K.L.:
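Here it is, the structure, as structure tokens.
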Amino acid sequence: MAGASYSINYNRIQRGLYPGFELKEDGALILDPKEGGHALYLRAVDGGEEKAAWGRLHFQVSCSEDMVYYLYAAAFDQDSFYHREQPMLIEDFLCDSRESQGIKRQFMQEAGFSRYTSQKDILLYDLQGRYLYLVLEVQGEGRFSMRGMRVDRQGDPFMNTFPEIYRERGSFFHRYLSVFSSIYEDFQEEIDELPRLLDLDICPAFLLPVYASWLGLSVGDNFLEESVLRALVKEAFSLNRMKGTRAALLRIARIVLGEDVVVLERNVMGAYIGKEETAQMNRLYGRTAQDVTILVGRPLTEVKKSQLLFLLEQFCPVRARLHVVCLKRTCILDSYTYLDWNAMVPWQGQGGLDTEQEMDGTVCMG
């Protein structure tokens, strides 16, 4: 099992117990100031073999100056003990919300847990055992967040380059080389993370505007929803190839609104407009060949309409003038519809009544 590395993220934390904390979907653990007794109890990390030797433990933490946090760690080959004269798994005891933190703290002291104060990079060279138990306790008032916990059993890459006589585990020489080994491993983790940063499906949202600018697409500053922005960046290359065409406008509208729209070009409508309808059509769809009207089948908020126009104007033909028309939803009756007595077609609208208003028997308020 040499070289194994274990990440303590959302799934592992969720299976544990974290009173006084809020667990985010990205695995971040945020302190809840409204609750007390802030602690994190994790289930055992299985090393896979007896007398497993544990290595480096590190995580990212942000906390106020007035706060202090303790990390407790212990490794055992046995995963159970007798509690109230009954056999019980250690992880079940630690993650039992009915047991007080005082009793758990007493158990950790008697079991020989090592305690580390306000450290985020710890060498567990003194611990040996198949099952590793970790407990985090936070004291004080302020803000605290923790994420990205990782513990490994990796053989030190620098230590393994020396002859066997120098490889004494936990020696001064070993700890001295671990400083440089930790820096090397952190660099390696960042390098291994690069493919994820370039994956448009899972990369952090703050990188999407950067990638959009590389592809010649302006997306504003926190202007679009993440899902819309991610879809636009993924299709930016194909959209650029369609720039200035009807297909580009239709595709952008589909991405932003999640539905199809109708694009009417004034320059191709002349042959279908009668002379008696010219004035009305000019008022609806513009007078020049550069006017393009986008018909949307539902009302849009001003924010959504601004988003749509902002993106469409980057892909419309040169000198084109865009108009977005939002249609209200209405009922349509064809020639085969029959209304019997007492039938009514409702029309939703807003109205107001003052103290002087009178209603006779023909008025109905629904």
Side-chain angles (χ1 to χ4, degrees), residues 1-21 23-29 38-61 69-81 83 87-97 99 101 104-105 107-138 145-157 159 169-170 174-175 178 181-182 185-186 188-189 192-193:
M1 294 296 294
S5 183
Y6 306 87
S7 297
I8 313 295
N9 289 321
Y10 180 84
N11 291 333
R12 287 185 182 270
I13 296 177
Q14 187 184 41
R15 291 189 290 110
L17 180 68
Y18 42 94
F21 284 99
L23 179 61
K24 301 295 185 179
E25 293 184 358
D26 61 354
L29 205 61
H38 309 98
L40 168 64
Y41 300 93
L42 295 172
R43 293 192 173 272
V45 180
D46 191 349
E49 60 185 14
E50 293 187 355
K51 297 182 180 180
W54 297 93
R56 182 188 177 206
L57 167 69
H58 60 105
F59 52 90
Q60 301 174 21
V61 64
Y69 60 92
Y70 303 99
L71 189 132
Y72 300 87
F76 309 109
D77 286 327
Q78 302 297 326
D79 62 349
S80 61
F81 74 115
H83 180 55
M88 187 176 189
L89 290 176
I90 297 176
E91 61 179 19
D92 289 343
F93 168 75
L94 293 176
C95 297
D96 190 348
S97 59
E99 300 287 352
Q101 293 191 24
K104 295 177 183 179
R105 196 178 295 114
F107 165 79
M108 291 188 294
Q109 183 179 0
E110 295 177 354
F113 275 64
S114 299
R115 189 177 79 165
Y116 307 90
T117 304
S118 297
Q119 297 183 40
K120 58 182 179 181
D121 202 324
I122 303 169
L123 298 178
L124 305 178
Y125 292 156
D126 297 333
L127 303 184
Q128 288 189 347
R130 174 172 177 173
Y131 302 101
L132 176 68
Y133 299 93
L134 300 172
V135 176
L136 180 69
E137 184 178 327
V138 181
S145 64
M146 185 275 293
R147 72 179 69 215
M149 181 178 287
R150 179 184 292 270
V151 60
D152 60 58
R153 292 187 52 212
Q154 296 176 352
D156 195 314
M159 195 70 173
R169 181 176 178 81
H174 188 191
R175 292 180 176 275
S178 294
S181 178
S182 298
E185 290 175 3
D186 289 342
Q188 189 61 47
E189 288 182 8
D192 294 340
E193 190 76 0

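The structure displayed is predicted, hence computed values, not measured ones.
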K.L.:
Evaluate the criterion side chain to side chain contact (heavy atoms under 4.5 Å, CB included) for residue pair His58 and Val151; output intermediate values, then yes/no.
P.N.:
CA-CA 7 Å; His58 60 105; Val151 60; over 6 Å; no
K.L.:
Arg130 pairs by salt bridge (Lys or Arg N to Asp or Glu O under 4.0 Å) with which of Asp46, Asp79, Asp77?
P.N.:
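It is Asp46; the other options fail the test.
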K.L.:
Does Val138 reach the side chain of Phe21, with side-chain heavy atoms less than 4.5 Å apart?
P.N.:
yes
K.L.:
Considering non-hydrogen atoms only, spot the tightest contact between Gly16 and Cys95 and give its length.
P.N.:
CA-SG, 3.8 Å
K.L.:
Taking the six-membered ring for Trp and the single ring otherwise, decide whether the centroids of Phe81 and Phe76 are under 6.0 Å apart.
P.N.:
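No, ring centres 6.0 Å or more apart.
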K.L.:
Can you give me the closest heavy-atom contact between Phe59 and Met146, atom names plus distance?
P.N.:
CD1-CG, 3.6 Å
K.L.:
Between Ser5 and Asp152, what is the shortest heavy-atom contact and its length?
P.N.:
OG-CB, 3.9 Å
K.L.:
Given side chains that start at C-beta, do those of Trp54 and Tyr6 come closer than 4.5 Å, heavy atoms only?
P.N.:
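Yes. Closest side-chain heavy atoms under 4.5 Å.
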K.L.:
Using every non-hydrogen atom in the two residues, find where Asp26 and Ala28 come nearest and quote the distance to one decimal.
P.N.:
OD1-N, 3.1 Å
K.L.:
With Arg12, which residues qualify under side-chain hydrogen bond (donor to acceptor under 3.5 Å, both in side chains), at least two apart?
P.N.:
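In terms of side-chain hydrogen bond (donor to acceptor under 3.5 Å, both in side chains), with neighbours along the sequence ignored, Arg12 is linked to no residue.
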K.L.:
Quick one: pull up OH in Tyr131 and CG in Leu89 and give me the separation to the nearest 0.5 Å.
P.N.:
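Going from OH on Tyr131 over to CG on Leu89, the span is 9.0 Å.
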K.L.:
Can you tell me if Glu193 has over 12 outside heavy atoms packed within less than 6.0 Å of its CD?
P.N.:
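Count over threshold, so yes.
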K.L.:
Taking the side chain as every heavy atom from C-beta outward, state whether Leu134 and Leu71 have any pair of such atoms under 4.5 Å apart.
P.N.:
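A side-chain contact under 4.5 Å exists here.
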K.L.:
Can you find a pair of side-chain heavy atoms, one from Met149 and one from Leu42, that are under 4.5 Å apart?
P.N.:
yes
K.L.:
Using side-chain heavy atoms (C-beta onward) and a distance below 4.5 Å, is Tyr133 in contact with Ile90?
P.N.:
yes
K.L.:
Are Tyr116 and Leu57 packed together at the side-chain level, in the sense that at least one heavy-atom pair is separated by less than 4.5 angstrom?
P.N.:
no
K.L.:
By the definition side-chain hydrogen bond (donor to acceptor under 3.5 Å, both in side chains), identify the one residue from Lys104, Arg105, Gln101 that meets it with Glu137.
P.N.:
Arg105
K.L.:
Are the side chains of Ser114 and Leu127 in contact, using a 4.5 Å heavy-atom criterion?
P.N.:
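Yes - at least one pair of side-chain heavy atoms lies under 4.5 Å apart.
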